[in-house]
Amino acid sequence: MRLFLAVLVGCCMHGFASSGQIDAESAKKHVIVKFAPLALFDFDNSVQFGVEVPLGNSGMSVQQDFGYGHSSFNLWYSTETERPRKETYKSRTQLRYYYLERRRYKAYVAGEFLLKKVIYSENKWVGMECEQPWGNCGYFENKFVKTGRTVGAGHVKMGWQFYFGNRMALDVFTGLGFRSISVKSITPTLENTRIPRTDRWFEYDTPGTSEVVPSLAMGFHFGIILGKFDD
């Protein structure tokens, strides 16, 4: 993470050192490094950066985001709440097409695939010798268990990217789609054990469960336009 941030700062410093007036026309062939601030406030929070790379003169581009988060910097847990040991890994891959261009902004449509993995590592009272799927358990043991929640989602998005003369860009978007959520136990367990979910209404971590639900994607990115521009 520190190496990635160092590279990002270096790229930004190089970008600001280059002069030139920037608008939608002059920026269309340049790579944009982006930061997603709202990802810090997600239930599965993460520090998320991305890179948008134009595909020649086709009006299309590819954007790839990566994020990492830990419950230690999750704002949804109060100081009185015991934080779970939770890590979040996130990838967003997007193919976009710009269909409208003006001097200071461009409008686009995009298809996106989201892959997210959330890993919980906690001590829990695990039900043993349980009658599956919903019957009683013979007894309970306090065990250290790891569970993983995997989310795969597809979105269709619409957005607007604004360009400013100081190499800054603002990408605003909204979209709809579906997401598949599945939870599995990483810790080896017996077939007749039952691992309870974390007692938080926004945590979904019961092994053996899966569902497909509608998904809403909306937010914004701040961007730095890289490369040399003509004066």
Side-chain angles (χ1 to χ4, degrees), residues 4 7-8 11-12 14-68 88-116 151-181 212-231:
F4 183 83
V7 172
L8 175 65
C11 292
C12 293
H14 173 74
F16 282 117
S18 301
S19 60
Q21 190 67 17
I22 302 169
D23 55 19
E25 173 64 27
S26 59
K28 65 171 52 177
K29 296 182 179 181
H30 290 261
V31 172
I32 305 177
V33 177
K34 299 183 177 181
F35 171 63
L38 292 185
L40 291 169
F41 303 95
D42 196 340
F43 291 142
D44 298 324
N45 65 303
S46 64
V47 178
Q48 181 178 315
F49 290 94
V51 178
E52 182 184 356
V53 180
L55 300 178
N57 297 317
S58 63
M60 303 182 70
S61 68
V62 173
Q63 181 168 306
Q64 178 63 56
D65 286 34
F66 291 105
Y68 170 78
T88 301
Y89 301 87
K90 188 184 299 183
S91 170
R92 289 182 180 270
T93 304
Q94 183 184 116
L95 178 65
R96 62 173 62 179
Y97 172 69
Y98 290 97
Y99 64 89
L100 176 67
E101 179 179 317
R102 295 293 183 264
R103 183 169 182 268
R104 286 299 177 187
Y105 72 91
K106 292 193 293 186
Y108 65 87
V109 293
E112 178 190 79
F113 177 71
L114 162 68
L115 180 62
K116 181 170 65 173
V151 179
H155 299 111
V156 176
K157 288 184 171 182
M158 296 187 64
W160 300 263
Q161 188 150 269
F162 300 88
Y163 302 88
F164 305 93
N166 60 354
R167 288 187 174 267
M168 295 294 295
L170 175 63
D171 183 3
V172 182
F173 58 86
T174 184
L176 293 171
F178 291 91
R179 63 178 59 200
S180 172
I181 305 171
V212 176
V213 296
S215 182
L216 172 66
M218 58 189 306
F220 62 92
H221 291 75
F222 292 119
I224 299 290
I225 305 170
L226 305 182
K228 182 176 176 58
F229 290 83
D230 297 331
D231 293 337

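Position 1 is the first residue of the sequence; numbering continues from there. Only a predicted model underlies this, so the values are computations on that prediction, with no experimental measurement involved.
The shortest non-hydrogen separation linking Ser61 to Pro54 is CB-CA, 3.8 Å. Summarising the geometry of Met168 relative to Ile225, their closest heavy-atom pair is O-CD1, 4.3 Å, with the distance given to 0.1 Å.
For CZ of Phe178, the number of neighbouring non-hydrogen atoms (other residues, nucleotides, ligands) closer than 6.0 Å is 12 at most.
With values rounded to the nearest 0.5 angstrom, Leu100 atom CG is found 10.5 Å from Trp160 atom CH2. Between the CD atom of Gln63 and the CD1 atom of Ile32 there is a distance of 8.0 Å, given to the nearest 0.5 Å. Distance CG/Asn57 to NZ/Lys29: 4.5 Å, rounded to 0.5 Å. To the nearest 0.5 Å, atom OG1 of residue Thr88 and atom CD of residue Gln48 are 11.5 Å apart.
No donor-acceptor pair closer than 3.5 Å links the side chain of Arg179 to the backbone N or O of Val213. Of the possible polar contacts, none joining the His221 side chain to the Ala36 backbone as a donor-acceptor pair under 3.5 Å is found.
Note on residues 214-223: no pairs pass salt bridge (charged side-chain N to carboxylate O under 4.0 Å, His left out), not counting sequence neighbours.
Judged as a side-chain contact (heavy atoms from CB on, under 4.5 Å), and not counting sequence neighbours, the contacts of Ser91 are Gln64, Phe66, Thr93. Applying the ring-ring contact (aromatic ring centres under 6.0 Å, His included) criterion to Tyr89, with sequence neighbours excluded, gives Tyr68. Annotation: side-chain contact (heavy atoms from CB on, under 4.5 Å) contacts of Tyr97 (sequence neighbours excluded): Met60, Tyr99, Val109. Applying the side-chain contact (heavy atoms from CB on, under 4.5 Å) test to Glu101 and every residue at least two apart in sequence or in another chain returns Ala24, Glu25, Lys28, Lys106. Residues passing the side-chain contact (heavy atoms from CB on, under 4.5 Å) test with Val62, sequence neighbours excluded: Leu55, Leu95.
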_Step-by-step side chain to side chain contact (heavy atoms under 4.5 Å, CB included) determination, Arg92 to Leu114_ = CA-CA 5 Å; Arg92 289 182 180 270; Leu114 162 68; 3.7 Å; yes

_Verdict with supporting geometry, Arg96 and Asp171, side chain to side chain contact (heavy atoms under 4.5 Å, CB included)_ = CA-CA 12 Å; Arg96 62 173 62 179; Asp171 183 3; 2.9 Å; yes

*For ring-ring contact (aromatic ring centres under 6.0 Å, His included), just list the numbers for Phe164 and Phe162, CA-CA rounded to whole Å, side-chain angles, deciding distance to a tenth of an Å, and then say yes or no.*
CA-CA 7 Å; Phe164 305 93; Phe162 300 88; 7.2 Å; no

*Run the numbers on Ser26 and Tyr163 for side chain to side chain contact (heavy atoms under 4.5 Å, CB included), then give the verdict.*
CA-CA 10 Å; Ser26 59; Tyr163 302 88; over 6 Å; no

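Checked for salt-bridge contact, Lys90 and Asp42 meet the test: a charged N lies under 4.0 Å from a carboxylate O.
The side-chain heavy atoms of Gln94 and Tyr108, taken from C-beta on, include a pair separated by under 4.5 Å. Looking at heavy atoms from C-beta onward, Leu40 lies in side-chain contact with Val47 at the 4.5 angstrom threshold. A 4.5 Å side-chain heavy-atom check between Lys34 and Val51 finds every atom pair outside the cut-off.
Taking the six-membered ring for Trp and thresholds of 30 and 60 degrees, Phe35 and Phe49 have ring planes inclined between 30 and 60 degrees apart.
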